[in-house]
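Quick notes on the structure that follows.
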Amino acid sequence: MASFSFQLVLTISLVGVIISSVLPLSFAGINFNEEFEINWGDYRGKILNEGELLTLSLDNISGSGFISKKEFLFGTIDMQIKLVPNNSAGTVTAYYLSSVGPTHDEIDFEFLGNLSGEPYTVHTNVYTQGKGEREQQFHLWFDPTADFHTYSVHWNPSTVIFYVDNVPIREFKNLESKGVQFPKNQPMKIYSSLWNADEWATRGGQVKIDWAQSPFVASYRGFSARPHYCSLSSAGDSQPSSCTTSASLSSSSSNVNNDQNLSENLDIVGERKLRWVQKNYMIYNYCTDTKRFPQGFPTECQPTS
(Lines give C-alpha, C1' and ligand atoms only; values in the text may rest on other atoms or scores of the structure.)
Protein backbone atom coordinates (compact mmCIF):
# COMPACT_ATOMS: atom_id res chain seq x y z
CA MET A 1 0.00 0.00 0.00
CA ALA A 2 2.84 2.38 0.86
CA SER A 3 4.48 1.59 -2.49
CA PHE A 4 1.22 2.33 -4.31
CA SER A 5 0.82 5.64 -2.45
CA PHE A 6 4.36 6.70 -3.30
CA GLN A 7 3.84 5.80 -6.96
CA LEU A 8 0.59 7.79 -7.02
CA VAL A 9 2.36 10.84 -5.57
CA LEU A 10 5.16 10.48 -8.13
CA THR A 11 2.68 10.18 -11.00
CA ILE A 12 0.81 13.29 -9.86
CA SER A 13 4.13 15.12 -9.56
CA LEU A 14 5.15 14.18 -13.09
CA VAL A 15 1.78 15.22 -14.49
CA GLY A 16 2.27 18.56 -12.75
CA VAL A 17 5.68 18.85 -14.41
CA ILE A 18 4.12 18.33 -17.83
CA ILE A 19 1.42 20.92 -17.19
CA SER A 20 3.85 23.50 -15.81
CA SER A 21 6.19 23.04 -18.76
CA VAL A 22 3.66 24.53 -21.14
CA LEU A 23 2.88 27.57 -19.00
CA PRO A 24 4.73 30.90 -19.36
CA LEU A 25 7.81 31.09 -17.15
CA SER A 26 9.13 33.93 -15.06
CA PHE A 27 11.90 35.61 -16.98
CA ALA A 28 13.66 37.85 -14.49
CA GLY A 29 17.33 37.67 -15.35
CA ILE A 30 20.51 39.58 -15.95
CA ASN A 31 21.10 42.13 -18.68
CA PHE A 32 22.52 40.33 -21.72
CA ASN A 33 24.66 43.38 -22.53
CA GLU A 34 26.48 42.94 -19.23
CA GLU A 35 27.19 39.22 -19.42
CA PHE A 36 27.35 38.28 -23.12
CA GLU A 37 28.63 39.49 -26.45
CA ILE A 38 27.72 38.55 -30.03
CA ASN A 39 30.86 36.83 -31.30
CA TRP A 40 29.91 36.03 -34.90
CA GLY A 41 27.22 36.60 -37.50
CA ASP A 42 27.30 40.41 -37.52
CA TYR A 43 23.77 41.89 -37.38
CA ARG A 44 22.18 38.42 -37.18
CA GLY A 45 22.73 38.38 -33.43
CA LYS A 46 20.83 41.09 -31.55
CA ILE A 47 20.40 42.17 -27.93
CA LEU A 48 17.02 43.85 -27.54
CA ASN A 49 14.60 45.33 -25.00
CA GLU A 50 17.32 47.04 -22.96
CA GLY A 51 19.23 43.79 -22.56
CA GLU A 52 16.32 41.53 -21.56
CA LEU A 53 16.11 39.61 -24.86
CA LEU A 54 18.70 38.15 -27.23
CA THR A 55 17.98 36.71 -30.67
CA LEU A 56 20.11 34.72 -33.10
CA SER A 57 19.23 34.28 -36.75
CA LEU A 58 20.34 32.12 -39.66
CA ASP A 59 20.03 32.91 -43.36
CA ASN A 60 21.62 31.47 -46.48
CA ILE A 61 24.75 33.56 -45.92
CA SER A 62 25.55 32.93 -42.25
CA GLY A 63 24.36 31.90 -38.85
CA SER A 64 25.23 33.70 -35.61
CA GLY A 65 26.33 33.14 -32.05
CA PHE A 66 27.18 34.63 -28.67
CA ILE A 67 29.60 33.96 -25.82
CA SER A 68 29.67 34.80 -22.12
CA LYS A 69 32.17 37.34 -20.83
CA LYS A 70 32.80 35.26 -17.69
CA GLU A 71 34.13 31.74 -17.19
CA PHE A 72 32.60 29.23 -14.77
CA LEU A 73 34.13 26.34 -12.88
CA PHE A 74 31.08 24.56 -11.42
CA GLY A 75 27.68 26.15 -11.09
CA THR A 76 24.01 26.03 -11.97
CA ILE A 77 23.35 27.68 -15.32
CA ASP A 78 19.82 28.44 -16.58
CA MET A 79 18.74 29.84 -19.93
CA GLN A 80 15.21 30.29 -21.26
CA ILE A 81 15.09 29.58 -24.99
CA LYS A 82 12.34 29.64 -27.62
CA LEU A 83 13.51 27.52 -30.54
CA VAL A 84 13.14 28.12 -34.27
CA PRO A 85 9.45 27.58 -35.16
CA ASN A 86 7.77 25.89 -38.14
CA ASN A 87 10.02 24.11 -40.64
CA SER A 88 13.40 24.17 -38.90
CA ALA A 89 14.83 21.11 -40.69
CA GLY A 90 18.60 21.25 -41.12
CA THR A 91 19.14 23.91 -38.46
CA VAL A 92 20.89 23.41 -35.14
CA THR A 93 20.58 25.67 -32.11
CA ALA A 94 23.52 24.90 -29.84
CA TYR A 95 23.73 25.96 -26.18
CA TYR A 96 26.75 24.73 -24.26
CA LEU A 97 29.63 25.32 -21.89
CA SER A 98 33.16 24.84 -23.18
CA SER A 99 36.80 25.49 -22.41
CA VAL A 100 39.27 25.95 -25.27
CA GLY A 101 42.05 23.92 -26.84
CA PRO A 102 42.50 20.35 -28.12
CA THR A 103 41.95 18.89 -24.64
CA HIS A 104 38.89 21.02 -23.89
CA ASP A 105 35.93 20.06 -21.70
CA GLU A 106 32.40 20.68 -22.94
CA ILE A 107 28.80 20.19 -21.76
CA ASP A 108 26.33 20.32 -24.68
CA PHE A 109 22.70 20.93 -25.44
CA GLU A 110 22.03 20.90 -29.20
CA PHE A 111 18.52 21.25 -30.61
CA LEU A 112 18.17 19.58 -34.01
CA GLY A 113 15.45 21.13 -36.14
CA ASN A 114 12.79 19.18 -37.98
CA LEU A 115 9.92 19.45 -40.43
CA SER A 116 6.81 21.28 -39.27
CA GLY A 117 4.72 19.15 -36.95
CA GLU A 118 7.55 16.75 -36.09
CA PRO A 119 9.41 16.91 -32.77
CA TYR A 120 12.73 18.58 -32.14
CA THR A 121 15.57 16.29 -31.12
CA VAL A 122 17.51 17.38 -28.03
CA HIS A 123 21.07 16.14 -28.49
CA THR A 124 23.32 16.08 -25.39
CA ASN A 125 27.01 15.31 -25.05
CA VAL A 126 29.84 15.59 -22.53
CA TYR A 127 33.46 16.11 -23.58
CA THR A 128 36.39 15.53 -21.24
CA GLN A 129 39.97 16.27 -22.26
CA GLY A 130 38.84 16.64 -25.87
CA LYS A 131 36.97 13.32 -25.96
CA GLY A 132 33.21 13.30 -26.54
CA GLU A 133 31.14 10.60 -28.25
CA ARG A 134 28.81 10.35 -25.25
CA GLU A 135 25.61 11.22 -27.06
CA GLN A 136 22.13 10.88 -25.61
CA GLN A 137 19.12 12.21 -27.53
CA PHE A 138 15.58 13.01 -26.45
CA HIS A 139 12.26 14.28 -27.70
CA LEU A 140 10.37 16.73 -25.48
CA TRP A 141 6.93 16.51 -23.89
CA PHE A 142 5.94 19.97 -25.20
CA ASP A 143 6.41 22.21 -28.24
CA PRO A 144 9.70 24.08 -27.60
CA THR A 145 8.86 26.67 -30.27
CA ALA A 146 5.57 27.90 -28.82
CA ASP A 147 7.05 29.59 -25.73
CA PHE A 148 10.23 29.94 -23.71
CA HIS A 149 11.42 26.94 -21.69
CA THR A 150 14.31 26.66 -19.26
CA TYR A 151 17.36 24.54 -20.11
CA SER A 152 19.81 24.10 -17.24
CA VAL A 153 23.14 22.55 -16.36
CA HIS A 154 23.90 21.70 -12.71
CA TRP A 155 27.65 21.04 -12.51
CA ASN A 156 29.76 20.26 -9.45
CA PRO A 157 32.80 18.02 -8.83
CA SER A 158 30.66 14.89 -8.49
CA THR A 159 28.08 15.23 -11.27
CA VAL A 160 26.75 17.02 -14.33
CA ILE A 161 22.94 17.08 -14.58
CA PHE A 162 20.98 18.32 -17.60
CA TYR A 163 17.52 19.76 -16.85
CA VAL A 164 14.56 20.85 -18.96
CA ASP A 165 12.06 22.99 -17.03
CA ASN A 166 13.50 21.65 -13.75
CA VAL A 167 13.11 18.01 -14.88
CA PRO A 168 16.40 16.06 -15.03
CA ILE A 169 16.90 14.35 -18.37
CA ARG A 170 20.52 13.18 -18.05
CA GLU A 171 23.20 12.73 -15.41
CA PHE A 172 26.92 12.24 -16.04
CA LYS A 173 28.55 11.15 -12.79
CA ASN A 174 32.17 11.51 -11.75
CA LEU A 175 33.65 8.01 -12.15
CA GLU A 176 37.32 8.95 -12.01
CA SER A 177 37.78 6.12 -9.53
CA LYS A 178 37.06 3.79 -12.50
CA GLY A 179 39.32 5.63 -14.90
CA VAL A 180 36.67 7.83 -16.55
CA GLN A 181 37.71 11.45 -16.98
CA PHE A 182 35.41 14.14 -15.61
CA PRO A 183 35.24 17.90 -16.36
CA LYS A 184 36.44 19.51 -13.15
CA ASN A 185 39.65 21.43 -13.81
CA GLN A 186 38.95 23.70 -16.79
CA PRO A 187 36.80 26.82 -16.44
CA MET A 188 34.25 27.12 -19.23
CA LYS A 189 32.42 29.92 -20.97
CA ILE A 190 28.80 29.75 -22.13
CA TYR A 191 28.20 29.66 -25.86
CA SER A 192 25.18 29.53 -28.12
CA SER A 193 24.86 29.49 -31.89
CA LEU A 194 22.32 28.95 -34.66
CA TRP A 195 23.82 27.39 -37.74
CA ASN A 196 23.37 25.32 -40.90
CA ALA A 197 23.90 21.63 -40.17
CA ASP A 198 21.75 20.11 -42.89
CA GLU A 199 24.47 17.63 -43.82
CA TRP A 200 23.52 15.61 -40.72
CA ALA A 201 21.00 17.29 -38.40
CA THR A 202 17.62 16.08 -39.71
CA ARG A 203 17.14 12.41 -40.58
CA GLY A 204 20.86 11.99 -40.99
CA GLY A 205 21.04 14.78 -43.57
CA GLN A 206 18.23 13.51 -45.77
CA VAL A 207 16.15 16.66 -45.16
CA LYS A 208 17.82 19.92 -46.18
CA ILE A 209 17.14 23.49 -45.13
CA ASP A 210 14.32 25.23 -46.97
CA TRP A 211 15.88 28.65 -47.40
CA ALA A 212 12.53 30.08 -48.44
CA GLN A 213 11.66 29.88 -44.72
CA SER A 214 14.65 32.01 -43.66
CA PRO A 215 15.62 33.89 -41.65
CA PHE A 216 15.38 31.30 -38.89
CA VAL A 217 15.30 32.86 -35.41
CA ALA A 218 15.93 31.50 -31.89
CA SER A 219 15.22 33.72 -28.87
CA TYR A 220 16.77 33.86 -25.39
CA ARG A 221 15.83 35.47 -22.09
CA GLY A 222 15.97 34.86 -18.33
CA PHE A 223 19.61 33.79 -18.05
CA SER A 224 20.77 33.14 -14.51
CA ALA A 225 23.91 31.60 -13.06
CA ARG A 226 24.92 30.53 -9.58
CA PRO A 227 28.67 29.87 -9.68
CA HIS A 228 29.70 27.20 -7.18
CA TYR A 229 33.05 27.47 -5.49
CA CYS A 230 34.08 23.92 -4.63
CA SER A 231 37.29 22.76 -3.02
CA LEU A 232 38.55 19.19 -3.33
CA SER A 233 39.98 17.44 -0.31
CA SER A 234 42.83 15.89 -2.33
CA ALA A 235 44.10 15.59 -5.88
CA GLY A 236 41.92 13.25 -7.90
CA ASP A 237 39.14 13.22 -5.30
CA SER A 238 35.69 13.23 -6.92
CA GLN A 239 33.85 14.47 -3.84
CA PRO A 240 34.22 18.12 -2.82
CA SER A 241 35.13 18.84 0.76
CA SER A 242 32.98 21.96 0.58
CA CYS A 243 30.88 23.94 -1.90
CA THR A 244 29.55 27.43 -1.50
CA THR A 245 27.40 29.52 -3.82
CA SER A 246 28.25 33.03 -4.91
CA ALA A 247 25.60 35.66 -5.38
CA SER A 248 23.39 34.79 -8.31
CA LEU A 249 23.98 36.67 -11.55
CA SER A 250 20.23 37.06 -11.94
CA SER A 251 17.75 39.19 -10.06
CA SER A 252 15.91 36.04 -9.00
CA SER A 253 17.10 32.76 -7.56
CA SER A 254 18.08 29.96 -9.89
CA ASN A 255 15.32 27.71 -11.18
CA VAL A 256 17.09 24.46 -10.35
CA ASN A 257 17.45 22.70 -7.03
CA ASN A 258 17.30 25.61 -4.62
CA ASP A 259 16.98 23.08 -1.78
CA GLN A 260 19.73 20.78 -2.99
CA ASN A 261 23.21 20.82 -1.51
CA LEU A 262 25.59 21.76 -4.27
CA SER A 263 27.79 18.71 -3.68
CA GLU A 264 24.92 16.21 -3.86
CA ASN A 265 23.61 14.13 -6.74
CA LEU A 266 19.91 13.68 -7.51
CA ASP A 267 17.63 12.76 -4.63
CA ILE A 268 15.18 9.84 -4.86
CA VAL A 269 12.45 11.92 -6.52
CA GLY A 270 14.93 13.33 -9.01
CA GLU A 271 16.15 9.83 -9.83
CA ARG A 272 12.60 8.72 -10.57
CA LYS A 273 11.91 11.73 -12.76
CA LEU A 274 15.13 11.00 -14.63
CA ARG A 275 14.08 7.40 -15.25
CA TRP A 276 10.63 8.58 -16.37
CA VAL A 277 12.16 10.88 -19.01
CA GLN A 278 14.64 8.28 -20.18
CA LYS A 279 11.95 5.60 -20.45
CA ASN A 280 9.44 7.75 -22.33
CA TYR A 281 11.44 10.34 -24.26
CA MET A 282 14.99 9.08 -24.86
CA ILE A 283 15.48 8.13 -28.52
CA TYR A 284 19.23 7.37 -28.55
CA ASN A 285 21.73 6.31 -25.90
CA TYR A 286 25.34 5.56 -26.74
CA CYS A 287 25.41 3.24 -23.75
CA THR A 288 23.05 0.81 -25.51
CA ASP A 289 24.44 1.07 -29.06
CA THR A 290 25.81 -2.43 -29.67
CA LYS A 291 26.67 -1.70 -33.31
CA ARG A 292 28.86 1.18 -32.26
CA PHE A 293 30.51 -0.69 -29.39
CA PRO A 294 30.62 -4.37 -30.45
CA GLN A 295 33.52 -5.05 -28.08
CA GLY A 296 31.72 -3.70 -25.03
CA PHE A 297 30.32 -0.43 -23.77
CA PRO A 298 32.42 2.41 -22.30
CA THR A 299 33.22 2.13 -18.60
CA GLU A 300 30.76 4.85 -17.57
CA CYS A 301 27.95 2.81 -19.13
CA GLN A 302 28.44 -0.08 -16.73
CA PRO A 303 26.06 -0.30 -13.75
CA THR A 304 27.43 1.34 -10.61
CA SER A 305 27.19 -0.24 -7.20
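Worth knowing before you read on, the calculation uses all heavy atoms, side chains too, and leaves out hydrogens, waters and symmetry mates. Residue indices begin at 1 and follow the sequence shown.
- Nearest approach of Tyr120 to Gly113, heavy atoms of both residues: CE2-CA, 3.7 Å.
- Without hydrogens or angle criteria, Gln278 side chain to Asn285 main chain gives no donor-acceptor distance under 3.5 Å.
- In this model, no donor atom of one side chain and acceptor atom of the other lie less than 3.5 Å apart for Asn39 and Glu37.
- Counting only distance, with no hydrogens or angles, the side chain of Ser57 and the backbone of Arg44 share a donor-acceptor pair below 3.5 Å.
- Two residues are said to be in side-chain contact when any heavy atoms from C-beta on lie closer than 4.5 Å; Tyr286 and Phe297 fail this criterion.
- Residues Val277 and Leu274 form no side-chain contact, since every pair of their non-hydrogen atoms from C-beta on lies 4.5 Å or further apart.
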*asked:* Please evaluate residues Glu135 and Arg292 with respect to the criterion salt bridge (Lys or Arg N to Asp or Glu O under 4.0 Å), reporting the C-alpha separation (whole Å), side-chain torsions for both, the decisive distance (0.1 Å), and the verdict.
replied: CA-CA 12 Å; Glu135 301 91 347; Arg292 185 174 172 186; 2.7 Å; yes
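- Transitive grouping of hydrophobic side chains (ILVMFWY, heavy atoms separated by less than 4.5 Å) keeps Val217 and Leu53 in distinct clusters.
- The shortest side-chain heavy-atom distance between Tyr281 and Val122 does not fall under the 4.5 Å cut-off.
- When side chains are defined from C-beta on, Thr145 does not count as touching Asn86, because their heavy atoms never get closer than 4.5 Å.
- At least one donor-acceptor pair closer than 3.5 Å links the side chain of Thr202 to the backbone N or O of Gly90.
- Side-chain contact, Thr121 with Gln137: no donor N or O sits under 3.5 Å from an acceptor N or O.
- Comment: Glu34 does not engage Lys70 in a salt bridge, judged by the lack of any side-chain N to carboxylate O separation of less than 4.0 angstrom.
- The pair Lys82-Asp147 does not count as a salt bridge, with every side-chain nitrogen at least 4.0 angstrom from each carboxylate oxygen.
- Of all non-hydrogen atoms in Pro119 and Asn114, the two that sit nearest each other are O-ND2, 3.2 Å.
- The shortest heavy-atom contact between Thr159 and Ile161 is OG1-CG1, 3.7 Å.
- In this structure the side chain of Thr55 never reaches within 4.5 angstrom of the side chain of Ile47, judged on heavy atoms.
- For the residue pair Thr150/Asp78, the side-chain donor-acceptor check at 3.5 Å is not satisfied.
- A donor and an acceptor atom, one from each side chain of Gln213 and Asn87, are nowhere located under 3.5 Å apart.
- Ring-centre distance between His104 and Tyr127: below the 6.0 Å cut-off.
- Within the 4.5 Å cutoff, side-chain heavy atoms of Val160 are placed close to those of Trp155.
- Annotation: Lys46, atom NZ; neighbour count of heavy atoms from other residues, nucleotides and ligands within 6.0 Å does not exceed 12.
- Checked against the 6.0 Å centroid criterion, the rings of Tyr191 and Tyr96 qualify as a close aromatic pair.
- Classified by interplanar angle (parallel below 30°, tilted 30° to 60°, perpendicular above 60°), the ring pair His149/Phe142 is parallel.
- Side-chain N/O atoms of Ser192 and Tyr220 include a donor and acceptor closer than 3.5 Å.
- Of the candidates Lys131, Arg134, Lys178, Glu300 forms a salt bridge (Lys or Arg N to Asp or Glu O under 4.0 Å) with just one, namely Arg134.
- The six-membered or imidazole ring of Phe223 lies near that of Phe36, with a centre-to-centre distance under 6.0 Å.
- Connection of Met79 to Val92 is not established within any shared hydrophobic cluster, with ILVMFWY side chains joined at heavy-atom distances below 4.5 Å, either directly or through further cluster members.
- Residues Met282 and Phe162 fall within the same hydrophobic cluster, defined by Ile, Leu, Val, Met, Phe, Trp and Tyr side chains chained together at heavy-atom separations under 4.5 Å.
- Considering all non-hydrogen atoms of both residues, Asp289 and Tyr284 come closest at OD2-OH, 2.7 Å.
- Taking 4.5 Å as the limit, some side-chain heavy atom of Ile209 sits within range of a side-chain heavy atom of Asn196.
- Looking only at distances, no side-chain donor or acceptor of Asn49 sits under 3.5 Å from a matching main-chain atom of Gly51.
- Closest non-hydrogen pair, Asp105 versus Lys184, comes out as OD2-N, 4.1 Å.
- Under the 6.0 Å distance and 45° angle rule, Arg221 counts as a cation-pi partner of Phe148.
- Using a 4.5 Å cut-off on side-chain heavy atoms (C-beta onward), Tyr95 and Ile81 make contact.
- At a threshold of 4.5 Å between side-chain heavy atoms, the hydrophobic network of Ile, Leu, Val, Met, Phe, Trp and Tyr places Leu194 and Phe111 in one connected group.
- Between Trp40 and Phe66, the distance from one ring center to the other does not fall under 6.0 angstrom.
- When hydrophobic clusters are built by joining Ile, Leu, Val, Met, Phe, Trp and Tyr residues whose side-chain heavy atoms come closer than 4.5 Å, directly or via intermediates, Val84 is grouped together with Trp211.
- You'll find the ring centres of Tyr151 and Tyr163 outside the 6.0 Å limit.
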